[in-house]
Amino acid sequence: MKFENIGSKLLSFAKSSTITCSHCKKEVKKSAVEKSNYICPNCNLYFKMPAVSRIKSILDSYDVISKNPDIYDPINFPNYKEKQVDMRKKTDSMEAVLSAVGNIKDERVVVCVMDPNYFMGSMGSYVGEEISRTFIYAKENNLPVVVFSASGGARMQEGIYSLMQMAKTTMAVNEHSEAKLLYISCMTNPTTGGVIASFASIADIIISEPHAHLGFAGPRVIKQTIRQDLPEGFQSAEFLLEHGFLDDIVPRENLKEYIYTLIRLHKNVRTIN
Ligand SMILES: [Zn+2]
């Protein structure tokens, strides 16, 4: 499957419409938003970025390595198959994750991106399998991995099978790590539930885009469980950086250069060792 096929389809779909910014309330052309890395030209709000656009913004050249997904419904959840068909038409994505191998300048890297527009980027069996396959591919090819996560958590329509993906992806990350290969996790708005509780939080370097909502459960559930008032903004990227959960917050327009620098630094350390 070639990346450009998916990309051109998405762009033609996007050019036909406009979107209203949820922050400044102004209507902006989707084509203008795409050109500006999905940042609102009026108020700098970060829009959710389709997986294919994220890959394009990071890699100079690439090939998609994701397998074509089947429609999967492991617990016969009511209307799940129909909803998947609708979701594919609505988003022009085949599933909630897309992986590609390619280059940032002279460095080869595997990039895996969750699509927040597809079932809220939730992790079902396909997503877990694809993320695991991506890490195994990177290990076999001796390559670093960058994962851009954006997720509402586990996919409820797949029940226990979606929760099992937490263990599966964690094992694949560990195998990649044991080969002394670099894994960078970049959390984007929002990263929650089973994704932040598994592969998104166990990288060598964990970064986030500014103002991202990051957390495991919602504030109400946590308050009911621990019976304590929670600090203001405790699930923001800025709060988590201050308290040591993140290594850095990187603006979207700087991510490509930042990731390139990290890969080069890690490579130099490996060479010295
Ligand atoms: Zn705006």
Side-chain angles (χ1 to χ4, degrees), residues 6-59 86-93 96-98 104 111-122 146-153 184-193 195-196 200 206-215 218-220 230-242 245-259:
I6 308 169
S8 57
K9 201 175 166 197
L10 182 85
L11 290 173
S12 62
F13 166 78
K15 270 176 192 164
S16 63
S17 47
T18 56
I19 49 172
T20 304
C21 174
S22 61
H23 184 242
C24 69
K25 311 293 180 202
K26 286 190 177 161
E27 204 168 81
V28 285
K29 279 189 176 174
K30 272 195 173 176
S31 55
V33 170
E34 281 165 7
K35 275 184 196 158
S36 61
N37 255 338
Y38 285 79
I39 299 171
C40 176
N42 299 310
C43 71
N44 288 328
L45 179 82
Y46 283 17
F47 294 116
K48 288 175 183 171
M49 209 168 176
V52 73
S53 304
R54 176 73 73 175
I55 288 173
K56 278 189 164 188
S57 77
I58 298 296
L59 296 176
D86 287 348
M87 191 62 74
R88 287 181 180 188
K89 283 183 193 156
K90 200 171 127 192
T91 61
D92 254 353
S93 296
V97 71
L98 187 67
I104 308 177
V111 174
C112 182
V113 184
M114 301 192 77
D115 196 326
N117 298 313
Y118 192 98
F119 279 105
M120 293 174 67
S122 55
V146 183
V147 174
F148 290 88
S149 54
S151 183
I184 302 165
S185 170
C186 178
M187 299 193 196
T188 68
N189 187 41
T191 297
T192 62
V195 168
I196 202 166
I206 306 171
I207 58 176
S208 168
E209 288 191 333
H211 312 301
H213 176 86
L214 313 173
R220 195 162 46 96
L230 300 157
E232 184 78 20
F234 75 105
Q235 290 184 320
S236 69
E238 287 69 19
F239 185 95
L240 295 175
L241 176 68
E242 203 180 316
F245 184 79
L246 293 174
D247 294 307
D248 208 350
I249 294 174
V250 184
R252 188 172 285 177
E253 59 271 28
N254 298 345
L255 276 170
K256 181 175 177 176
E257 198 61 41
Y258 189 97
I259 289 166

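As the structure lists them, so they are numbered: ligands from 1, and atoms in each ligand from 1. Numbering starts at 1 and runs along the sequence shown.
How far OG of Ser22 is from CZ of Phe47: 7.0 Å, rounded to the nearest 0.5 Å.
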Using residues 112-121 as the side-chain source, report each donor-acceptor pair under 3.5 Å to any protein atom, sequence neighbours left out, with the distance given to one decimal.
residue: Asp115; atom: OD1; partner: Asn117; partner atom: N; Å: 3.0
residue: Asp115; atom: OD2; partner: Ala51; partner atom: N; Å: 3.4
residue: Asp115; atom: OD2; partner: Ser93; partner atom: OG; Å: 2.7

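Not counting sequence neighbours, the partners of Ser208 by the side-chain contact (heavy atoms from CB on, under 4.5 Å) test are Met187, Ala212, Leu214, Ala237, Leu246.
Judged by distance alone, with hydrogens and angles left aside, the side-chain atoms of Glu238 form a donor-acceptor pair with the main-chain N or O of His211 at under 3.5 Å. Checking side-chain atoms of Tyr258 against main-chain N and O of Val250 turns up no donor-acceptor pair under 3.5 Å.
Listed by first then second residue, pairs satisfying salt bridge (charged side-chain N to carboxylate O under 4.0 Å, His left out) with a partner in residues 42-55 read Arg54-Glu209, not counting sequence neighbours.
Excluding waters, the count of protein N/O/S atoms less than 2.8 Å from the Zn ion (ligand 1) comes to 4.
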